[in-house]
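Taking it in order: structure first as structure tokens, then the write-up.
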Protein chains: 2
Amino acid sequence: MNEISLSLYILHYMKYSIDHKSPVPLHIQAEELLRKMIAEEEYQNGKLLPNEVELAKVLAISRTTLRQAINKLVYEDLLIRKKRTGTKVNNCIVSSKSNNWLSFSQEMKLRGISIKNFELHITWVYPDEMLANFFEIKTDRKVLKMERVRGTSDAPFVYFISYFHPRIGLTGDEDFKRPLYELLEMEYSTVATLSKEEISAHAADDVIANKLRLSNGSPVLFRKRFVFDQGERPIEYNLGYYKADSFVYTVESRR
Amino acid sequence: MNEISLSLYILHYMKYSIDHKSPVPLHIQAEELLRKMIAEEEYQNGKLLPNEVELAKVLAISRTTLRQAINKLVYEDLLIRKKRTGTKVNNCIVSSKSNNWLSFSQEMKLRGISIKNFELHITWVYPDEMLANFFEIKTDRKVLKMERVRGTSDAPFVYFISYFHPRIGLTGDEDFKRPLYELLEMEYSTVATLSKEEISAHAADDVIANKLRLSNGSPVLFRKRFVFDQGERPIEYNLGYYKADSFVYTVESRR
DNA sequence: TTTGTTCATATGTTTGTACATTATAATCAT
DNA sequence: ATGATTATAATGTACAAACATATGAACAAA
């Protein structure tokens with residue numbers, strides 16, 4: 001690479017730079033920087049990152065240190081390396097790692113996808129038999145129900161229904177635009193620790209089709225989620241209807 | 001560490017050793033070795049791994065390389081490092097083993113469902129770009145393709161397509177009515193160890209609808225499965241189309 | 001036209017080295 | 001005894017330097 005394009009790079013990455021005097025480790029700084037970089041539009045379209053040696057040179061860190069940062073993102077499946085070609089953003093639509101406990105919005109943010117809340121509806125309802133049973137409460141004890149439709153700026157792609165255990169103490173006036181599990185953890189010292197999920201395919205009924213702007217009978221991915229706290233006490237029952245092809249559930253298992 | 005305890009270590013790790021002449025990278029070998037080590041009972045009880053410099057010395061690899069391996073397991077949350085103390089097994093997350101490794105027919109049997117094979121079709125085909133890439137072979141090298149439709153005595157409910165890596169040595173004349181992973185293990189000494197899966201919902205196209213006796217556009221649960229052996233070498237690529245509501249995927253995760 | 005061959009260039013692997021950080025243990029002064 | 005200090009032993013961070021390997025592209029030979 002010649003002087004000119006090198007200085008272009010320098011210019012380009014001015015806004016992100018590494019502070020060698022900062023107490024935070026260089027590879028952490030580099031990681032942060034990469035996360036910001038790959039959130040940018042141009043990288044979403046499959047543009048390659050600058051190659052390792054050059055980028056290391058520009059950031060004035062060693063290639064090893066840079067690789068340390070890149071590797072982390074590769075492991076998180078946010079970047080894909082290819083020999084002789086380079087490293088680029090893994091822009092496959094939406095996916096969720098099973099052991100990852102990021103909230104929906106956090107994960108979307110990570111991938112540089114901005115999400116829009118289409119609907120947010122809070123009510124207090126009587127639980128049905130099943131829910132009362134799961135929460136281990138009587139059916140005459142009201143629980144907080146949250147309905148939510150979310151998607152990209154273009155169109156909604158998921159319809160959530162959540163029920164929360166009254167024990168938590170939610171009033172319904174909380175700011176539900178905040179990441180949910182953060183809210184529970186910060187304000188209600190309830191930590192979601194265990195989740196049991198059931199994933200299946202369904203045909204959209206009237207309600208679902210309407211919410212997701214689909215025609216009746218369209219395929220949706222349905223996820224039922226039972227969430228527990230540290231003491232394995234039930235805290236949330238969550239139903240999610242995802243527009244087909246908008247959500248891929250990834251699971252990694254080893255025996 | 002003195003001579004005696006060092007040689008104890010050597011003895012102890014004789015069974016696991018690193019082959020410097022093998023084509024598989026040292027850090028991969030080290031990773032495998034660690035996985036085996038930490039599976040041992042004594043390490044489950046909070047026993048610390050040997051410290052990095054010593055272990056590196058015993059295995060005759062550099063500390064950096066060893067750390068590469070350890071880091072991967074740390075990232076997977078299998079190991080926990082602690083300064084001044086050492087690295088030990090994180091035995092609190094054993095639940096991920098809930099991921100059953102039963103084969104399809106075994107699992108059905110367990111549930112008391114007798115299954116019927118509707119179709120079983122074996123061919124040799126050229127892999128497409130993606131498959132060749134996964135198998136790390138050229139697109140002109142044929143691979144064994146197995147198609148299979150199975151269900152209850154009433155109706156089919158799943159359509160499988162499997163591709164097997166030529167390395168395994170399958171001829172196509174095997175008895176595919178036997179449990180598949182048993183066959184691979186017994187006859188071809190190929191042990192499926194790691195599986196990465198992607199689950200999503202789709203609308204059935206002509207082919208799928210026909211195989212499963214559904215109408216076009218009906219919802220199906222689609223599962224893509226990448227299967228690897230001990231050395232993380234690819235051995236199978238499997239596509240499964242399940243009739244909606246006939247299959248529920250359950251996942252349990254703990255953080 | 002097809003098939004090798006080579007070259008350039010990207011990531012991949014591995015080592016050796018050095019110093020920083022930090023939690024604990026041992027020591028010392030009070 | 002107890003609080004402060006120091007030493008130690010582990011991981012954490014960082015660099016530079018090789019060499020390995022895969023692959024696209026250009027070119028040459030069949």
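No experiment lies behind these values; they were computed from the predicted model shown. In what follows, chains are A, B, ... by sequence order, proteins preceding strands, each numbered from 1.
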Student check: side-chain heavy atoms of [X] and [Y] closer than 4.5 Å:
{"X": "B:N238", "Y": "B:E197", "result": "no"}
{"X": "B:E198", "Y": "B:F222", "result": "no"}
{"X": "B:R223", "Y": "B:F160", "result": "yes"}

What is the distance from [atom1] of [X] to [atom2] of [N], rounded to the nearest Å?
{"X": "B:I70", "N": "D:dT13", "atom1": "CD1", "atom2": "P", "answer": "14 Å"}
{"X": "A:Q68", "N": "D:dA16", "atom1": "CD", "atom2": "C1'", "answer": "15 Å"}
{"X": "A:L26", "N": "D:dC15", "atom1": "CG", "atom2": "C1'", "answer": "10 Å"}
{"X": "B:H27", "N": "D:dT21", "atom1": "NE2", "atom2": "P", "answer": "14 Å"}
{"X": "A:L66", "N": "D:dT13", "atom1": "CG", "atom2": "P", "answer": "16 Å"}

**OP:** Report which part of the nucleic acid B:T64 touches: base, sugar-phosphate, or nothing (heavy-atom distance under 4.0 Å, all strands).
**Re:**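 Counting heavy atoms under 4.0 Å across all strands, the contact made by B:T64 includes a base.
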
Subject >> Distance-only side-chain donor-acceptor flag, B:N51 / B:R63, under 3.5 Å >> reply: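 Their side chains do not contain a donor-acceptor pair, so the 3.5 Å distance test is not met.
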
Original post:
5' to 3' on DNA chain C, which nucleotides open and close the contacts with chain B (atom under 4.0 Å from a heavy atom)?
Top reply: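 So the contact region on DNA chain C extends C:dT13 to C:dT24.
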
To the nearest 0.5 Å, tell me how far [X] [atom1] sits from [Y] [atom2].
{"X": "B:L183", "Y": "B:E174", "atom1": "CG", "atom2": "CD", "answer": "6.0 Å"}
{"X": "A:L55", "Y": "A:L33", "atom1": "CG", "atom2": "CG", "answer": "7.5 Å"}
{"X": "B:M37", "Y": "B:L73", "atom1": "CE", "atom2": "CG", "answer": "10.5 Å"}

**OP:** Not counting sequence neighbours, which residues clear side chain to side chain donor-acceptor pair (under 3.5 Å) with B:T64? List them please.
**Re:**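 Partners of B:T64 under the side chain to side chain donor-acceptor pair (under 3.5 Å) test: none.
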
Report, one pair per line, the protein and nucleotides 9-11 of chain D atoms (nitrogen or oxygen only) whose separation is under 3.5 Å.
unit_1	atom_1	unit_2	atom_2	d
D:dT11	OP2	B:E52	N	3.1

